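Comments concern the structure below.
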Number of protein chains: 2
Amino acid sequence: MAEIIIDRKQQIQLVAQNLFRTKGYGASSMRDIAKEVGIEAASLYNHFSSKEDLLKEICFGMANHFFTSIEPIEKKKFSAKQKLEKMIECHVAVIVSNIDASSVFFHEWKHLKEPFLGEFKSLRNKYEKKFIQIINEGFEQKLFRKVDVKIVSFTIFSALNATYDLYKPNGKLSAKDISKNISDIIINGLKPTN
Amino acid sequence: MAEIIIDRKQQIQLVAQNLFRTKGYGASSMRDIAKEVGIEAASLYNHFSSKEDLLKEICFGMANHFFTSIEPIEKKKFSAKQKLEKMIECHVAVIVSNIDASSVFFHEWKHLKEPFLGEFKSLRNKYEKKFIQIINEGFEQKLFRKVDVKIVSFTIFSALNATYDLYKPNGKLSAKDISKNISDIIINGLKPTN
DNA sequence: ATATTTGACTAACGAACGTTAGTTATTTTA
DNA sequence: TAAAATAACTAACGTTCGTTAGTCAAATAT
């Protein structure tokens with residue numbers, strides 16, 4: 001049984017992620033976080049400059065994960081369909097290996113203040129555009145039936161971004177099961193093939 | 001121009017819905033709500049017994065809307081496919097005509113305390129089961145390709161329940177556009193028909 | 001070995017929170 | 001018309017909040 005050593009800063013962030021997810025940012029106090037870690041609230045400020053700083057680290061850390069995970073795929077010479085499937089797979093993989101942080105990324109970012117709020121939104125937008133571009137390529141190459149691209153990307157993200165609620169670490173469904181099924185539903189629909 | 005008369009209680013709830021949606025339940029104070037209404041915080045207690053009472057009214061009011069909207073469909077003799085399409089349409093219609101309240105219903109319910117929290121969850125579950133049942137009927141009648149029912153219902157709800165973010169009162173997309181497209185994507189997928 | 005940095009502590013600040021009590025003018029009911 | 005209910009107000013309560021200041025022992029660097 002290998003002991004996993006993590007430093008205090010990381011430990012605090014993990015606790016904060018979990019509390020922000022389960023209770024929400026506003027309802028999680030610095031004292032709550034400190035108690036869970038086993039130190040005093042004031043000691044948190046030796047590691048993070050403010051409560052918002054904690055939120056910032058979580059949100060931008062996740063943004064970074066999402067971007068780097070799809071980077072290799074963008075460079076490859078896949079078809080739009082293959083690319084979309086792979087990107088969906090990566091996206092879900094990032095989510096399920098960061099369940100708490102993902103939930104915070106999706107729901108608590110709005111408590112960021114400027115300038116981070118604007119910066120965050122623009123990052124999010126940039127990421128979504130990468131998916132929209134691939135879907136548009138799929139239309140051009142006649143790989144996809146023509147439907148409203150905004151609604152398609154929206155449907156995909158809505159489904160993907162809720163997977164942190166569907167995936168249970170010791171459940172039946174693996175990350176690959178989930179991403180495979182969602183890709184499949186979006187691309188093939190529910191209609192029988194005959 | 002007909003003047004719309006609403007009573008104080010209703011006005012307070014509308015303001016609260018909007019604040020809870022935009023700032024979150026925890027970050028919205030009774031003083032915030034009161035200021036927006038134009039009265040003092042203490043006066044809110046002439047209409048609602050507590051802050052949680054406000055949240056409760058919003059959440060359970062929406063639950064009621066969702067249930068009653070699909071009631072007529074359940075009784076009709078439609079095919080599973082037709083039923084699913086109609087239920088999706090109703091669900092989206094309820095959302096877009098209650099944008100703020102929907103957002104609260106989907107994201108802020110977790111701030112309810114027992115016994116309302118449990119009651120809420122069980123209502124939500126009961127509602128989702130109605131969709132799952134229809135999807136299962138679709139499988140039995142070979143109207144739908146066999147895929148994991150849990151993931152299908154999850155994908156549908158994720159997409160539908162995010163529509164409060166997609167729909168803009170004066171935007172291009174109508175409620176029907178949105179529900180029609182989402183139904184279409186889920187049922188037919190992106191694959192070309194040829 | 002000495003100096004410095006780190007990371008914990010206690011104590012406390014001012015602000016904001018949900019809520020209650022008590023009062024009063026207006027509106028509705030009997 | 002008198003009585004009762006309604007809905008607003010001011011003032012204040014106890015609590016919790018994020019955060020800062022100041023202290024001190026242990027770990028690290030010189």
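Every chain is numbered from 1, with letters handed out A, B, ... down the list of sequences. Nothing here was measured: the structure is a model prediction, and the numbers come from that model.
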Expressed in angstrom and rounded to an integer, what is the separation of A:N46 atom CG from D:dA27 atom P? 16 Å
Flag the pair A:D177 and B:K150 as a salt bridge only when some basic side-chain nitrogen lies within less than 4.0 angstrom of an acidic carboxylate oxygen. no
Scan for side chain to side chain donor-acceptor pair (under 3.5 Å) pairs involving residues 14-27 of chain B, sequence neighbours excluded, and state none if there are none. B:N18-B:D100, B:R21-B:D100, B:K23-B:D32
How does each nucleotide of nucleotides 11-23 of chain D score, in 5' to 3' order, for protein heavy atoms under 4.0 Å: base (B), sugar-phosphate only (S), or none (-)? BB----BBBBB--
Test of understanding: with ring pair (Phe, Tyr, Trp, His ring centres under 6.0 Å), list the residues that count as partners of B:F116, not counting sequence neighbours. none
Do you know which two heavy atoms are closest between A:A16 and A:I33, and how far apart they sit? CB-CD1, 4.1 Å
What's the CG-P distance between B:L55 and C:dG18, to the nearest Å? 13 Å
Residue-phosphate contact under 4.0 Å: A:S43 side-chain N/O, C:dC9 OP1/OP2: yes
CA sep, side-chain torsions, deciding dist, call: A:F20, A:F105, ring pair (Phe, Tyr, Trp, His ring centres under 6.0 Å): CA-CA 10 Å; A:F20 290 171; A:F105 177 88; over 10 Å; no
In residues 15-23 of chain B, which ones come under 4.0 Å of DNA chain D, going by heavy atoms? none
Would you indicate, yes or no, if D:dT6 has its OP1 or OP2 atom less than 4.0 angstrom from a side-chain nitrogen or oxygen of B:H47? no
Report the nucleotide, chosen from C:dA8, C:dC9, D:dA7, that has the shortest atom-to-atom distance to any side-chain atom of A:E40. C:dC9
Could you tell me which residues satisfy ring pair (Phe, Tyr, Trp, His ring centres under 6.0 Å) with B:Y45, sequence neighbours excluded, listed by chain and number? none
Non-hydrogen side-chain atoms of B:I186 and B:I88 separated by less than 4.5 Å: no
So that I can tick it off, tell me whether A:E74 and A:K130 are bridged by a salt bridge, with the cut-off set at under 4.0 angstrom between side-chain N and carboxylate O. yes
Length of the line joining B:L44:CG and D:dT6:P, which is rounded to integer Å: 17 Å
Does D:dT6 have its OP1 or OP2 closer than 4.0 Å to a side-chain nitrogen or oxygen of B:R8? no
Nearest-Å distance for atom pair CD1/C1', residues B:I39 and D:dC9: 10 Å
Table please: side-chain donor-acceptor pairs of residues 162-172 of chain B below 3.5 Å, with sequence neighbours left out.
from, atom 1, to, atom 2, distance (Å)
B:T163, OG1, B:L160, O, 2.5
B:Y164, OH, B:H107, NE2, 2.5
B:K168, NZ, B:D165, O, 3.3

